[in-house]
Amino acid sequence: METIRTQVGIIGAGPAGLTLALLLEKQGIQSVIIENRSREYVENRVRAGLLEYNTVEVFDNLGAAERLHQEGLVHHGCYISYNGKSQHIDFAKHTQKEVTIYGQQEVVKDLIKACSERGIDILFEAEATQIEGCESENPVIHFTYKGENLSIACDFVGGCDGFHGLGRKTLPKESYNEFKIEYPFSWLGILAHAVPSYEELIYAYHSNGFALASLRSEKISRLYLQVDNDDSVANWSDEKIWDELENRLGIQLNRGEIFEKSITPMRSFMIDNMQYGRLFLAGDAAHIVPPTGAKGLNLAVADVSALANGLIQFYQSSEQTLLDNYSRKCVARVWRVQDFSNFMTYLCHKQSDEGSFESLLQKSKFDYLTISEAYQKTIAENYVGFPFDTFN
Ligand code: FAS
Ligand code: PHB
């Protein structure tokens, strides 16, 4: 079996793994990434679309944000509406921060390009099969690649392999507590060649269900509808989607060819320990949030920023205080993001019959939102994200 030797072995070429490798390379720390999908697959996987200012700053500092600034759309607010009545949430007024709309697949393309330009090895269609020796100073990642069994001998392992990956499964069950909510609804998401007829994102509660109006550019709309968990894309013709979006959003939409349709289940998931010896989990490997708060990708970048700081401290000063505190620091931020994502999900989705106590409590939240700047500021500061040093 051929063995590759590096300082940090990284499993997963998603936003977490790619950003980690680039943060380490900037400080002269070597890594190798193994990714079980093809480059084409990961570069075209449609997912998130909204970047916090923190995330943009990380990509700026990595020199990997040129196209992001050319093509990304900076937003200074959003709308939250209830049965057609809208409230603006002014990020600039309440936080002096902004967010940027830029598709995750574009982020991944930019990061992979930066990795290849800087000589960071990414082995695509390479599947990690086992991580051993986590409690030693020489962990080993075993993986298959082009029909061969290979391994990576390293000092540390970045478990950036997402919700279904190997990383979390390698932690001893007794080393963490698991928390989860499976929401009784999903999102039907579309991408369409249609000029967005709204300036900022609209999160809309309607008696038929939630809808979100987002975008990818001045010519591509990104929109979502709350659907039942057992619903199917086959039940939704283009016309039915456009009609229901207009109904729930309360606005007229420019229509166009829908070129991507998919249904994503909604869940909150996390574990309260993100490290095991020299294995460190980051991103979806350790937590999943419902996309209502637009946090998944941003949380992944926050995790690897903390992990990179710990690894840099170790290699530069043989100190490990940051690594020892990695999980506690990340989990504190994850709880904040879990709460906000859960709050936004319950605020905007239909979960009970109109006129029920629960639905009237939901309405009271919207009514409060329209009269309280404090409530609007609460949503704004969580939405744009907190500085990385907030949760120490
Ligand atoms: P990722 O899942 O992106 O990357 C993990 C990588 O590891 C994958 O490429 C996988 O192929 C690889 N891998 C797994 N096991 C492996 C193994 N054994 N060996 C080698 N490689 C392995 N977030 C938002 O903010 N807004 C959204 O609208 C939104 N929509 C989403 C829609 C869907 C369908 C999904 C699944 C997620 C969505 N998310 C959204 C969340 C998403 O953006 C994640 O938060 C983000 O991809 C997290 O990045 P990573 O942690 O890098 O995990
Ligand atoms: C998106 O544009 O894909 C998007 C934006 C905001 C969200 C979720 C998804 O909360």
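Order of listing sets the numbers, starting from 1, for every ligand and every atom in it. Counting from 1, the numbers follow the sequence of the chain as shown.
Every atom of ligand 1 is numbered from 1 in the order shown, and the set under 4.0 Å from a heavy atom of Glu127 is 18 (N), 19 (N). Atoms of ligand 1 found under 4.0 Å from any heavy atom of Ala294, numbered from 1 in the order shown, are 25 (O). Counting atoms of ligand 1 from 1 in the listed order, those under 4.0 Å from a heavy atom of Arg37 are 11 (O). When each atom of ligand 1 is checked for a heavy atom of Ala126 under 4.0 Å away, the hits are 19 (N), 20 (C). Listed by atom number, the atoms of ligand 1 under 4.0 Å from Gly165 heavy atoms are 15 (N). Here is the list of ligand 1 atoms found below 4.0 Å of a heavy atom in Leu297: 25 (O), 45 (O). The ligand atoms of ligand 1 that sit less than 4.0 angstrom from a heavy atom of Gly283 are 51 (O). Set against the non-hydrogen atoms of Ser214, the atoms of ligand 2 under 4.0 Å away are 1 (C), 2 (O), 5 (C). Below 4.0 Å from some heavy atom of Pro291 lie the following atoms of ligand 1, by number and element: 26 (N), 27 (C), 28 (O), 29 (C). Close approach of ligand 2 to Arg222 is summarised as follows: ligand atoms under 4.0 Å from at least one heavy atom of the residue are 2 (O), 3 (O). Here is the list of ligand 2 atoms found below 4.0 Å of a heavy atom in Leu201: 5 (C), 6 (C).
Phe210 and Trp187 have their aromatic ring centers within a separation under 6.0 angstrom. Separation of the Phe91 and His75 ring centroids does not fall under the 6.0 Å cut-off.
Residue contacts with ligand 2: Leu50 is placed with no nitrogen or oxygen under 3.5 Å of a nitrogen or oxygen of the ligand (distance criterion only). In terms of polar-atom proximity, defined here as any N/O pair under 3.5 Å, Tyr203 does make such a contact with ligand 2. For ligand 1, the polar-atom distance check finds no N/O of Ala300 at less than 3.5 Å from any of the ligand's N/O atoms. For the pair Ala16 and ligand 1, the shortest N or O to N or O distance falls below 3.5 Å. Between Glu35 and ligand 1, a contact under 3.5 Å exists for at least one N or O pair. Residue contacts with ligand 1: Ala13 is placed with no nitrogen or oxygen under 3.5 Å of a nitrogen or oxygen of the ligand (distance criterion only). Considering both main-chain and side-chain atoms, Gly17 never comes within under 3.5 Å of ligand 1 through any nitrogen or oxygen pair.
Between the side chains of Thr6 and Gln30, a donor-acceptor pair is found at a separation under 3.5 Å. With hydrogens and angles left out, the side-chain atoms of Thr3 and Ser151 include a donor and acceptor closer than 3.5 Å. In this structure, a donor-acceptor pair under 3.5 Å is absent between the side chains of Gln252 and Ser197. Side-chain contact, Gln316 with Gln27: a donor N or O sits under 3.5 Å from an acceptor N or O. Tyr183 and Ser268 share a donor-acceptor pair across their side chains, judged by distance under 3.5 Å alone. No donor-acceptor contact under 3.5 angstrom links the side chains of His287 and Gln338, judged on distance only.
Summarising the geometry, atom CG belonging to Leu22 is positioned 7.0 Å from atom CD1 belonging to Ile33; distances are rounded to the nearest 0.5 Å.
Counting only heavy atoms of the protein, atom 49 (O) of ligand 1 lies nearest to Pro15 CD, 3.5 Å. For atom 32 (C) of ligand 1, the nearest non-hydrogen atom of the protein is Arg47 CG, 3.8 Å. In this structure, atom 5 (C) of ligand 1 lies nearest to the protein heavy atom Cys160 O, 3.4 Å. Summary of contacts: the protein heavy atom closest to atom 34 (C) of ligand 1 is Thr264 OG1, 3.5 Å. When hydrogens are left out, the protein atom nearest atom 4 (O) of ligand 1 is Gly14 CA, 3.6 Å; that is the closest non-hydrogen contact. Nearest protein heavy-atom neighbour of atom 44 (C) of ligand 1: Asp284 OD2, 3.2 Å. If you check which protein heavy atom lies closest to atom 8 (C) of ligand 2, you get Pro291 O, 3.2 Å. Taking atom 23 (N) of ligand 1 as the reference point, the nearest protein heavy-atom neighbour is Ala48 CB, 3.4 Å. Nearest non-hydrogen protein atom to atom 25 (O) of ligand 1 is Gly296 N, 3.1 Å.
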Check against side chain to side chain contact (heavy atoms under 4.5 Å, CB included), Glu244 and Leu188: CA-CA 12 Å; Glu244 190 55 26; Leu188 165 64; over 6 Å; no
Residues Phe185, Thr345; criterion side chain to side chain contact (heavy atoms under 4.5 Å, CB included); working and verdict: CA-CA 10 Å; Phe185 39 76; Thr345 299; 3.7 Å; yes
Steps toward ring-ring contact (aromatic ring centres under 6.0 Å, His included) verdict (Tyr79, Tyr198): CA-CA 10 Å; Tyr79 287 90; Tyr198 36 90; over 10 Å; no
Verdict with reasoning, Thr370 to Phe366, per side chain to side chain contact (heavy atoms under 4.5 Å, CB included): CA-CA 6 Å; Thr370 61; Phe366 280 97; 5.7 Å; no
Full working for side chain to side chain contact (heavy atoms under 4.5 Å, CB included) between Ser262 and Val46: CA-CA 9 Å; Ser262 60; Val46 175; over 6 Å; no
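A salt bridge links Glu260 with Arg222: at least one charged nitrogen is closer than 4.0 Å to a carboxylate oxygen.
Residue-ligand proximity: Lys295 is placed with every non-hydrogen atom at 4.0 Å or more from ligand 2. Within the structure, the closest approach of Arg45 to ligand 1 falls below 4.0 Å when heavy atoms are considered. Under a 4.0 Å heavy-atom criterion, Tyr224 is in contact with ligand 1. Within the structure, the closest approach of Gly293 to ligand 1 does not fall below 4.0 Å when heavy atoms are considered.
Neither the backbone nor the side chain of Ile101 comes within 4.0 Å of ligand 2, counting heavy atoms alone. Contacts with ligand 1 closer than 4.0 Å are made by no heavy atom of Trp187, backbone or side chain. Residue Lys295 touches ligand 1 through its backbone alone, judged by heavy-atom distances below 4.0 Å. Under 4.0 angstrom from ligand 1, there are no non-hydrogen atoms of Ser262.
Cation-pi contact between Arg67 and Phe59: absent, since separation from the ring centre below 6.0 Å together with deviation from the ring axis within 45° is not met.
Two residues are said to be in side-chain contact when any heavy atoms from C-beta on lie closer than 4.5 Å; Val337 and Asn298 fail this criterion. Under the 4.5 Å side-chain criterion, counting only non-hydrogen atoms from C-beta, Glu381 is in contact with Phe386. Between Leu18 and Ile122 there is a side-chain heavy-atom pair separated by less than 4.5 Å.
Which of Ile10, Asn36, Ile34 comes nearest to atom 13 (N) of ligand 1 through a heavy atom is settled by distance: it is Asn36. In this comparison of Lys169, Gln130, Gln104, Met266, the heavy atom closest to atom 47 (O) of ligand 1 sits on Gln104.
Of all heavy-atom pairs between Tyr326 and Asp303, the closest is CE1-O, 3.5 Å.
In this structure, the side chain of Arg267 does not engage the main chain of Glu182 through any donor-acceptor pair within 3.5 Å.
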